[in-house]
Amino acid sequence: MTTTTTAIDMQQSRRRGWRSRWAAIGAAVAVSFGAGGIYIGNAATGSTSSSFVSVTPVRVLDTRNNLGLTGVFTSPISRDLQITGSIATADGTQIVVPTGATAVALNVTVVAPTAAGFLSVRPADAAGAPSTSNLNFLAGDVIPNAVIVSIPTVGGDTGKIEITYNAFEIAGPTTHVLVDVVGYYQATTTGPADGSACTAGALPGTIINGSDHEHNASVKCFLRMVTTLAGSTSGSAEGALAQFAFPAGVAVDAAGNVYVADFSNNLIRKITAAGVVTTLAGSTSGSADGTGAAAQFFTPRGVAVDTAGNVYVADTNNHRIRKITAAGVVTTLAGSTSGPADGTGAAAQFSSPRGVAVDTAGNVYVADTGNHRIRKVTAAGVVTTLAGSTAGFADGTGAAAQFSVPSGVAVDTAGNVYVADTSNHRIRKVTAAGVVTTLAGSTSGSADGTGAAAQFSFPFGVAVDTAGNVYVADSINNLIRKVTAAGVVTTLAGSTFGYLDGIGAAAQFSTPTGVAVDAAGNIYVADSDNNRIRKIN
């Protein structure tokens, strides 16, 4: 256990306070084929319609990286941005919008301003005219804003748009602004036909209603996009601008509500599908049962939710498994002092349990981390050992099998339990009869592959979907991995450590430790060192 704790805690320590990488969130109205999302077929109506042509997304203005202009936006200031012809970016000079285009579709994102204000976007020759976009925002917001802007065709403002950022009565650097050109309108071209193929993040999609020149057209290409569901800096604030402190575990119910083991806050949080965060139970560290804030936890790491909306918690430093009703009533299902004893209720013992999962019958499975065992707890609180004994690595049945610091568990509809065997860098499978095999993994590393050819580095959390695919929070690699039932491992999202939303490898995580999957296949991640809950669709 010492090896894993040290690796993750050292990474957390190195990154504490590191929050300078901002998210580039694609807006919902217009993103390119390459990024996936929504495709606009046409904005014009009548006999003289123009069609929308997608382009490879190019960051034509990124004040984080000084692309397109020098320095951050200050208050108040206007910037003319040349968006036709050649644009110099970090990737070199690229043709963005050809001469003759009448308008462009932009994703304009305000990133975490330090003061309330507004951003307006309009043609550069439209002085005194109403803004094409006038977006109000609050301090701390990350707001994507899709906008279509006409391009001036004559005079000194030919080919330019104007971006005005104003933080109310606050001078000096206050925010970063991102602008992506995602397409342009061309009066002389036709749009793509229905059924045309498109690709997003190397995944295939199909255009729907692409030939309809009087309605927007959608495209089923919006896959493997990582966004931030909730969270910001470390803290305990609730609401739409919520905070977490090293969230360690996540679970999702049938309604799309996400439950979080908020480790350092000693709280269990609930996030609605809209990203609004409330506290379901917990307050200061302790072990008290009770309702809401009257209850106490001590560094909870794992959560699971059953079909009735009851939440189960691996209350790590209390060595207990707790149950919370939908009304926030907390009771202790099993556990007491640290130890390996089987038994019922308080007669049973765990040692720093980290992960929990629940099946349709109400049985709870526990990654009993300090005991290197997988335990089963019935709805009546009867605890038995399903598999494991001393620390080590051995496949086998029951006590003949060995784990080393198991940290995450998931259970499928057949009663198979999947284990993130953390210090062994493997994903294990345990049948209902306690037969343990290795699904994937070998030595520490990040290689994709099949079975032992694949590598993980301290995998911490696991989830399983209805098709038997297992999703892994590969913590030290800062990746989210997928393992098929045949043991084929691929990387879904993530790259180097950091904080960045995006498609696949363009996204970044910082020590993800928990993962959950809903019925639609959306994946939720406890991005622990970023103090955020992320979503991958």
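Note that the coordinates shown come from a computational prediction; the quantities given were computed from them, not determined experimentally.
S442 places a side-chain N or O within 3.5 Å of a backbone atom of A454 that can act as its donor or acceptor partner. Between the side chain of S475 and the backbone N or O of F458, at least one donor-acceptor pair lies under 3.5 Å. With hydrogens and angles ignored, the 3.5 Å screen pairs a side-chain donor or acceptor of N266 with a backbone N or O of T299. With hydrogens and angles ignored, the 3.5 Å screen pairs no side-chain donor or acceptor of R320 with any backbone N or O of V313. S351 contributes no side-chain N or O that, together with a main-chain N or O of G339, makes up a donor-acceptor pair within less than 3.5 Å.
Note that CG of L280 is 5.0 Å distant from CD1 of I324, once rounded to the nearest 0.5 Å. Between T228 atom OG1 and L500 atom CG the span is 9.0 Å, to the nearest 0.5 Å.
For the pair R301 and F246, the minimum side-chain heavy-atom distance is below 4.5 Å. Considering only heavy atoms from C-beta on, V430 stays 4.5 Å or farther from Y365 through its side chain.
The side-chain contact (heavy atoms from CB on, under 4.5 Å) with Q508 is formed by just one residue from the set T496, N530, V226; it is T496. Residue R375 forms a side-chain contact (heavy atoms from CB on, under 4.5 Å) with just one option from T385, V356, V364, and that option is T385.
Side chain to side chain, S338 and Q349 fail the donor-acceptor criterion of an N or O pair below 3.5 Å.
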Would Q402 and F393 satisfy side-chain contact (heavy atoms from CB on, under 4.5 Å), going step by step from the backbone distance to the final call?
-> CA-CA 5 Å; Q402 291 177 311; F393 170 67; 5.6 Å; no
Please walk me through it: do Q296 and T284 pass side-chain hydrogen bond (donor to acceptor under 3.5 Å, both in side chains)?
-> CA-CA 6 Å; Q296 294 175 310; T284 56; 3.2 Å; yes
